[in-house]
Number of protein chains: 2
Amino acid sequence: MKFEAATIKDIAKALGLSTSTVSRALRDSHEISPETKKLVLEYAEKINYHPNPIALSLKERRSRTIGVLVCEIANSFFSQVINGIESIAYKSGYNVIIAQSRESFDREILNLQYLTSRSVDGLIISVSTETTDFSYLKDLHQKGMPIVFFDRIVSEIDTHKVIADNYAGAYNATTQLIKSGYKRIAAISNPEMLSISKERLAGYRKALADNGIEADEALIKYCKHGGMIGDEVNIVLLELLGQSQKPDAIFTTSDKLTTGCLRILKENGISVPGDIGLLGFSNNDLTELFDPALSVIKQPAFEMGEIAIGYLLQLIESKHPVTDFETKVLPTELFIRNSTK
Amino acid sequence: MKFEAATIKDIAKALGLSTSTVSRALRDSHEISPETKKLVLEYAEKINYHPNPIALSLKERRSRTIGVLVCEIANSFFSQVINGIESIAYKSGYNVIIAQSRESFDREILNLQYLTSRSVDGLIISVSTETTDFSYLKDLHQKGMPIVFFDRIVSEIDTHKVIADNYAGAYNATTQLIKSGYKRIAAISNPEMLSISKERLAGYRKALADNGIEADEALIKYCKHGGMIGDEVNIVLLELLGQSQKPDAIFTTSDKLTTGCLRILKENGISVPGDIGLLGFSNNDLTELFDPALSVIKQPAFEMGEIAIGYLLQLIESKHPVTDFETKVLPTELFIRNSTK
DNA sequence: TTTTTTTACGCAATCGTTCCCGAAAAAAAT
DNA sequence: ATTTTTTTCGGGAACGATTGCGTAAAAAAA
């Protein structure tokens, strides 16, 4: 079965007018008489006419659809960002197509091909942990595709970007750990190449340095797939805990790593914060209900989404090529709870 | 700036052929000579030609886009269902547009209008807690729009449906509570009109009855907005705990209610399961990390999504009107943890 | 050699909408 | 009464791709 919508032709035929007249009447053109307008408008209302967006897209050479590429929508941070994006996109008459890379570079490229082949007007992207080759994105951007990056940005591509103040967030969190008396603070991070990893680890290192603690490279671990695959987190945790000089606290740089860490620690009967302190980036709303309540750094996810879509619409609707790009940096929030002493 | 894709005309002009020849060559028609085909294919590859899906949609009178309407994507259950939907839709060359009602009837209608005006080929819907008037949906369905319901279904509309075995899930959970020694088991539910509420409360009542416990209507509370708005959960909890004969356990019928309940109880210093036991429906992956680890009933969310999109594609791609509809009922899983003794 | 068949391609309509032109009718100016 | 202007509307091309139909040339059959 098909759902057949009314067209402008139906109206024209029923009223004995031409399609041009009907079209103009619907758009309230001055060159249509008030009587004809009334006739058309009333009949359109009656048969519940709505312009076919596909025909419009073809004519206007724009789809009024934007693509959002994230690693996973089930992740609180990303679903909050998407909420922010959709709230504005919706008001502006844009569709949002969401694609998930699940931290795989291959899937990212596939999704990108899919989104562009569906002729999106622009893209909002947070790259996967695996992505080190940006040539596909560069190519797309160079061909004129409007792109806005958020969270995991690509420094080599010059466009609008939206990030949290990862450096300060990590710095403050690490400082807090030090103030609480922790001496050997380990870090578990996404791959080093990722912008957020660099920034957050830089903040971590600076906080250590400012407090006269030498960063021990053996205490800095990376999870290639951001904790998405298998027992990645388990492995690095075992490495950390197997050292002669065990860490007394762990700083994690992403949602999945933070909750993943707590899970593994609990499974192994390691008390938090008794045996080891835990503090990390997380936007999950339920971390305060955890045992122990997690100390976390939160990003203003919804707002990041709103700003990203604002930038994108600006790019899409600009008449002239934009050459002046902004990077919006938003403050993070630190919540100290019971997973740190 | 605009992103201009190559068209069939570009190929035709460059090669001195007609667009029909190019189109046929690309579709490997038998009435095009091998040499011409080779020429066209190679040039198409060179300029990275991809057929314009919008033009195809207009011609084929289908958008290859489906709409998904849920109350909130940040809810684990729904994001898991969406993952299931997208995994299959993607493979079948369909787009997915997601809309959120946030448990508001008005927003639901607005979203429905939006989705149909964007000419989706079909809809997958879980209605909001506020929805009691199904006339808009009925109208849409009657006009030929393929619709599949999941989770919160509409019994009055005859189409494919996918649900968990809510009755059995609730029955088993309540039985478990009784076996654990709980005597006065309260229930906090979404509005009574909602299909899942009816089914889950029916299971709850039957379990009580089968164990010789009379259901006390004062122990059954409803949250009009599913715990989305303000202090709904707080209010019903206070009502429950203010009774002369306090409940010794609470059974909650949805994700938001379950976690909301735990939050309020903890805020008020009420020990779980010491003072009161808690068990409810939830698909959140982190409930085992909670304090206390939550006892939950889980639905096979991903699978529900897969089945729903399967049904929908079947409806969309059927040549003849479908009159024989199925309701798939999937088993739930019970996880007993520390929020019940 | 002539006729028939096959091959290989082009023309034009179509999907729904907009918009540039042209034109008839009505109104205004001469 | 005639010309000019304005109002109001229709014809048709365009957006990108597909497809039924027509046809020239080449190949095959007579």
Side-chain angles (χ1 to χ4, degrees), chain A residues 2-41 43-44 47-65 93 95 116-121 144, chain B residues 2-41 43-45 47-65 93 116-121 144:
Chain A
K2 272 257 184 63
F3 174 78
E4 300 278 358
T7 75
I8 226 168
K9 281 188 188 173
D10 300 331
I11 302 179
K13 200 171 289 170
L15 266 42
L17 294 168
S18 76
T19 58
S20 355
T21 304
V22 174
S23 171
R24 271 184 274 250
L26 291 169
R27 317 203 118 238
D28 201 27
S29 159
H30 65 275
E31 44 182 340
I32 301 296
S33 72
E35 304 87 61
T36 311
K37 272 184 194 169
K38 189 158 170 282
L39 217 68
V40 171
L41 256 13
Y43 189 73
I47 64 170
N48 194 28
Y49 168 81
H50 286 283
N52 182 328
I54 294 172
L56 285 179
S57 294
L58 183 61
K59 190 114 191 55
E60 294 174 7
R61 313 168 117 255
R62 56 177 348 204
S63 59
R64 285 200 160 267
T65 296
N95 271 334
T116 51
S117 83
R118 300 297 291 189
S119 54
V120 293
D121 292 341
Chain B
K2 272 256 183 65
F3 174 77
E4 300 278 357
T7 75
I8 225 169
K9 282 188 187 171
D10 300 331
I11 303 178
K13 200 171 289 172
L15 266 44
L17 294 168
S18 75
T19 57
S20 5
T21 304
V22 175
S23 172
R24 273 184 271 251
L26 290 168
R27 317 202 116 241
D28 202 26
S29 159
H30 66 274
E31 43 182 339
I32 301 296
S33 71
E35 305 87 59
T36 311
K37 273 185 194 167
K38 189 157 169 280
L39 218 65
V40 170
L41 256 14
Y43 189 74
E45 170 81 15
I47 64 169
N48 194 30
Y49 169 81
H50 287 281
N52 182 328
I54 294 173
L56 286 178
S57 293
L58 185 59
K59 186 113 187 64
E60 293 173 8
R61 313 171 113 250
R62 59 186 334 215
S63 59
R64 286 201 160 266
T65 297
T116 49
S117 83
R118 301 295 294 188
S119 54
V120 293
D121 292 342

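A note on names: the letters A, B, ... follow the listed sequences, proteins ahead of strands, and every chain is numbered from 1. This is a predicted model, so every value here is computed, not measured.
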### Task
Measure from CD1 on A:Ile54 to C1' on D:dG16 and round the result to the nearest Å.
13 Å
### Query
Reckon A:Leu17 touches a base, only the sugar-phosphate, or nothing at all at heavy-atom distances under 4.0 Å?
sugar-phosphate
### Exercise: identify the closest heavy-atom pair between B:Ala5 and B:Asp10
O-OD2, 4.3 Å
### Task
Check DNA chain C against residues 25-33 of chain B and give the residues with a non-hydrogen atom under 4.0 Å, in numerical order.
B:Glu31, B:Ile32, B:Ser33
### Query
If you look at every strand shown and take non-hydrogen atoms under 4.0 Å, does A:Thr7 touch a base, only sugar-phosphate, or nothing?
sugar-phosphate
Using atom types as modelled, flag every donor-acceptor pair under 3.5 Å from a side chain in residues 23-30 of chain B to any protein atom, sequence neighbours excluded.
from    : atom 1 : to      : atom 2 : distance (Å)
B:Asp28 : OD1    : B:Lys37 : NZ     : 3.1
B:Ser29 : OG     : B:Glu31 : N      : 3.2

### Query
Mind checking whether B:Arg118 and A:Asn95 have side chains closer than 4.5 Å, heavy atoms only?
yes
### Query
First and last nucleotide of DNA chain C in contact with chain B, 5' to 3', at under 4.0 Å to a heavy atom: what are they?
C:dA8 to C:dG16
### Query
Are any of the side-chain heavy atoms of A:Val22 and A:Leu15 separated by less than 4.5 Å?
no
### Task
Give the rounded distance in Å between these two atoms: CG of A:Leu56 and P of D:dA14.
19 Å
### Query
Rounded to the Å, how far apart are A:Arg61 CZ and D:dG16 C1'?
9 Å
### N or O in side chain of B:Lys9 less than 4.0 angstrom from D:dC15 OP1/OP2
yes
### Task
Give one of base, sugar-phosphate or nothing for A:Ser57, where a contact means two heavy atoms less than 4.0 Å apart.
nothing
### Distance test, side-chain N/O of A:Ser20 to OP1/OP2 of D:dG10, below 4.0 Å
no
### Query
Taking the side chain as C-beta and beyond, is there a heavy-atom pair between A:Pro53 and B:Ser119 under 4.5 Å?
yes
### Task
Could you say whether B:Val22 or A:Asn52 is positioned toward the 5' end of DNA chain C, judged by the nucleotide with the nearest heavy atom to each?
B:Val22
### Helix axis bend for the helix from C:dT1-D:dA30 to C:dT30-D:dA1 - C1'-based end axes, five pairs, 10° rounding
70°
### Message
Checking side-chain contact (heavy atoms from CB on, under 4.5 Å) between B:Ile11 and each of B:Leu17, B:Val40, B:Leu41, which is the one that passes?
### Response
B:Val40
#### Entry: Atom-to-atom span, CZ of B:Arg64 to P of D:dA17 - whole angstrom
16 Å
#### Entry: Pairing residues for A:Asn52 by the side chain to side chain donor-acceptor pair (under 3.5 Å) criterion, not counting sequence neighbours
none
#### Entry: Presence of A:Thr19 side-chain N/O under 4.0 Å of D:dG10 phosphate oxygens OP1/OP2
no
### Heavy-atom side-chain proximity of A:Tyr49 to A:Ile8 below 4.5 angstrom
yes
#### Entry: From CZ (A:Arg64) to CD1 (B:Ile54), nearest 0.5 Å
12.0 Å
### Residues forming a side chain to side chain donor-acceptor pair (under 3.5 Å) with B:Ser63, sequence neighbours excluded
B:Asp121
### Query
A:Leu15 has an atom CG; how far is it from atom P of D:dT8, in whole Å?
17 Å
### Message
Using whole Å, what does the distance between atom P of nucleotide D:dT18 and atom CD1 of B:Ile8 come to?
### Response
5 Å
